[in-house]
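Take a look at the structure set out below.
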Amino acid sequence: MRIVLVGPPGAGKGTQAAFLAKNLSIPHISTGDLFRANISKQTELGKLAKSYMDAGNLVPDEVTIAMAKDRMEQSDAVNGFLLDGFPRNVSQAEALDEMLKAESMKLDAVLDLEVPEDEVVKRIAGRRICRNDSAHVFHVTYQAPKAEGVCDTCGGELYQRDDDSEETVRKRLEVYHTQTEPIIDYYKAQGLVVTISALGKVEDVTGKAMAALKGDGEGE
Ligand code: AP5
């Protein structure tokens, strides 16, 4: 399956993507994680991306699309992928359509995670991620690690993302409403959108998402 995951910052895209990708045996491709890996390796791409991310803005399309294309062309993504955080505006969605069309492929679904803004703010405020792998995500109360500040998965140090400050989160939400939400209508026009509420326990949300992707859930 080729799936796009969409939802506001802190909706639980990364959390759900880890389970969904495992259940569906497809790679989880997160442009945010790819940028953060570049930042920790201090690459030129990482240095460029950090300045945009810390301000809550989108990294320019040119570099983002090239990075996403490169990752999607790797051998593990031949039979499908779960995109998390890409596309993030209509030009990126158009570029993805072009990429897939060139390979005679198409998307199977766009999973839209709905979460009220006050819950998103609580989720982001308590989020802690692992220095070794930003796909290892915890929450100080909702998904607390067994030992404070230590990743359950690999023992790495947990920290708060630089772009999770209150001011940057406000900007990221604004960018989501103005630039990313329009892709939901773009994909609705293609009949691809399934919307679920991402409130509730992580495992219950995964169950709803799997049911919606199979076409027997509460999606549209
Ligand atoms: P990115 O890393 O994609 O961030 P985001 O979209 O803002 O999403 P988040 O990672 O903040 O949240 P999430 O939905 O994954 O939630 P999570 O699972 O962690 O992008 C960061 C930046 O990179 C962007 O601002 C931009 O600058 C740049 N960028 C990335 N892609 C780009 C693109 N395509 N174009 C241009 N720029 C791009 O969950 C949040 C918290 O809630 C966690 O603590 C978790 O434990 C907890 N939680 C999850 N589910 C539940 C639940 N059901 N109940 C209770 N708590 C829960």
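Atoms within a ligand are numbered from 1 in the order they appear, just like the ligands themselves. All residue numbers in this chain count up from 1 along the given sequence.
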Pull out every atom of ligand 1 sitting under 4.0 Å from any heavy atom of Q92, numbered as shown with elements.
33 (C), 34 (N), 35 (N), 36 (C)
Considering only heavy atoms, does H139 approach ligand 1 within less than 4.0 Å through its side chain, its backbone, both, or neither?
both
Does an N or O from G10, backbone or side chain, lie closer than 3.5 Å to an N or O of ligand 1?
yes
Distance (rounded to the nearest 0.5 Å) between L199 CG and D204 CG
11.5 Å
In sequence, state the C-alpha distance, the side-chain angles, and the governing distance for D164 and R172, and then conclude on salt bridge (Lys or Arg N to Asp or Glu O under 4.0 Å).
CA-CA 9 Å; D164 278 352; R172 284 163 58 204; 2.9 Å; yes
Could you identify the single nearest non-hydrogen protein atom to atom 43 (C) of ligand 1 and state the distance to 0.1 Å?
V137 CG1, 3.6 Å
Please indicate whether any nitrogen or oxygen in Y52 is less than 3.5 Å from any nitrogen or oxygen in ligand 1.
no
Atom 34 (N) of ligand 1 has as its nearest protein heavy atom G85 O, 2.8 Å
Hey, is Y176 touching ligand 1 through its side chain, its backbone, both or neither, going by heavy atoms under 4.0 Å?
neither
Starting from atom 16 (O) of ligand 1, which protein heavy atom do you reach first, and at what distance in Å?
G12 N, 3.1 Å
Side chain or backbone, does P9 bring an N or O within less than 3.5 Å of an N or O on ligand 1?
no
In ligand 1, the atoms that come under 4.0 Å of a heavy atom of T64 are 33 (C), 34 (N), 35 (N), 36 (C)
So, taking the atom named OG1 in T64 and the one named CZ in F35, what distance separates them when rounded to the nearest 0.5 Å?
3.5 Å
Min side-chain heavy-atom separation L113-K13 under 4.5 Å:
yes
CD (E203) with more than 12 external heavy atoms under 6.0 Å
yes
Looking only at protein heavy atoms, what sits closest to atom 7 (O) of ligand 1 is R172 NH2, 2.7 Å
R36, any N or O under 3.5 Å of ligand 1 N or O
yes
Short N or O distance, T15 and ligand 1, threshold 3.5 Å exclusive
yes
Between E73 and K69, does any NZ, NE, NH1 or NH2 come within less than 4.0 Å of an OD or OE carboxylate oxygen?
yes
Any nitrogen or oxygen of T31, main chain or side chain, under 3.5 Å from a nitrogen or oxygen of ligand 1?
yes
Do any heavy atoms of G200 fall under 4.0 Å from ligand 1?
yes
Honestly, for Q16 the part within reach of ligand 1 (heavy atoms, under 4.0 Å) is neither
Near N79 CG, under 6.0 Å, is it more than 12 heavy atoms from other residues, nucleotides or ligands?
no
Side chain to side chain, V169 and P9, heavy atoms closer than 4.5 Å:
no
The closest protein heavy-atom partner of atom 24 (C) of ligand 1 is R88 NH2, 3.7 Å
Give yes or no for whether the N/O distance cutoff of 3.5 Å, strictly under, is met between D164 and ligand 1.
no
If you scan protein heavy atoms around atom 56 (N) of ligand 1, the nearest is Y142 CD1, 3.2 Å
Using heavy atoms and a threshold below 4.0 Å, how should the contact between N57 and ligand 1 be classified: side chain, backbone, both, or neither?
backbone
Heavy-atom side-chain contact between H28 and L83 under 4.5 Å
no
Considering both backbone and side-chain atoms of R161, is one of its nitrogen or oxygen atoms within less than 3.5 Å of a nitrogen or oxygen in ligand 1?
yes
Atom indices of ligand 1 within 4.0 angstrom of V202 heavy atoms, with elements:
50 (N), 51 (C), 52 (C), 53 (N)
Exactly one candidate in N89, V6, V90 meets side chain to side chain contact (heavy atoms under 4.5 Å, CB included) with T180; the answer is V6
Do K171 and D54 meet the salt-bridge criterion of a basic N to acidic O distance under 4.0 Å?
no
Just which atoms of ligand 1 are under 4.0 Å from any heavy atom in D163?
21 (C)
Going hydrophobic residue to hydrophobic residue with side-chain gaps under 4.5 angstrom, can you get from Y176 over to Y52?
yes
Count I, L, V, M, F, W, Y as connected when their side-chain heavy atoms are under 4.5 Å apart, and connections chain through other members. Are M99 and F81 then in the same cluster?
yes
Of the choices R123, K13, Q160, which has the non-hydrogen atom that lies closest to atom 51 (C) of ligand 1?
R123
Charged N to carboxylate O below 4.0 Å: is that the case for D162 and K50?
yes
Considering both backbone and side-chain atoms of Q143, is one of its nitrogen or oxygen atoms within less than 3.5 Å of a nitrogen or oxygen in ligand 1?
yes
Does ligand 1 have an atom that lies less than 4.0 angstrom from a heavy atom of G7?
no
Heavy atom of the protein closest to atom 44 (O) of ligand 1 (residue, atom name, distance):
F138 O, 2.7 Å
Ranked by distance from atom 15 (O) of ligand 1, the top protein heavy atom is G14 N, 2.8 Å
Answer yes if V140 and I124 sit in the same cluster of Ile, Leu, Val, Met, Phe, Trp and Tyr residues linked by side chain heavy atoms under 4.5 Å apart, and no otherwise.
no
Between D163 and T168, is a side-chain hydrogen bond (donor to acceptor under 3.5 Å, both in side chains) present by the stated rule, with each step listed?
CA-CA 6 Å; D163 61 346; T168 310; over 6 Å; no
Measure from NZ or CZ of R131 to the centre of the six-membered ring of Y159, then state whether that distance is under 6.0 Å and the direction lies within 45° of the axis.
yes
Tell me whether V59 has any N or O atom under 3.5 angstrom from an N or O of ligand 1.
yes
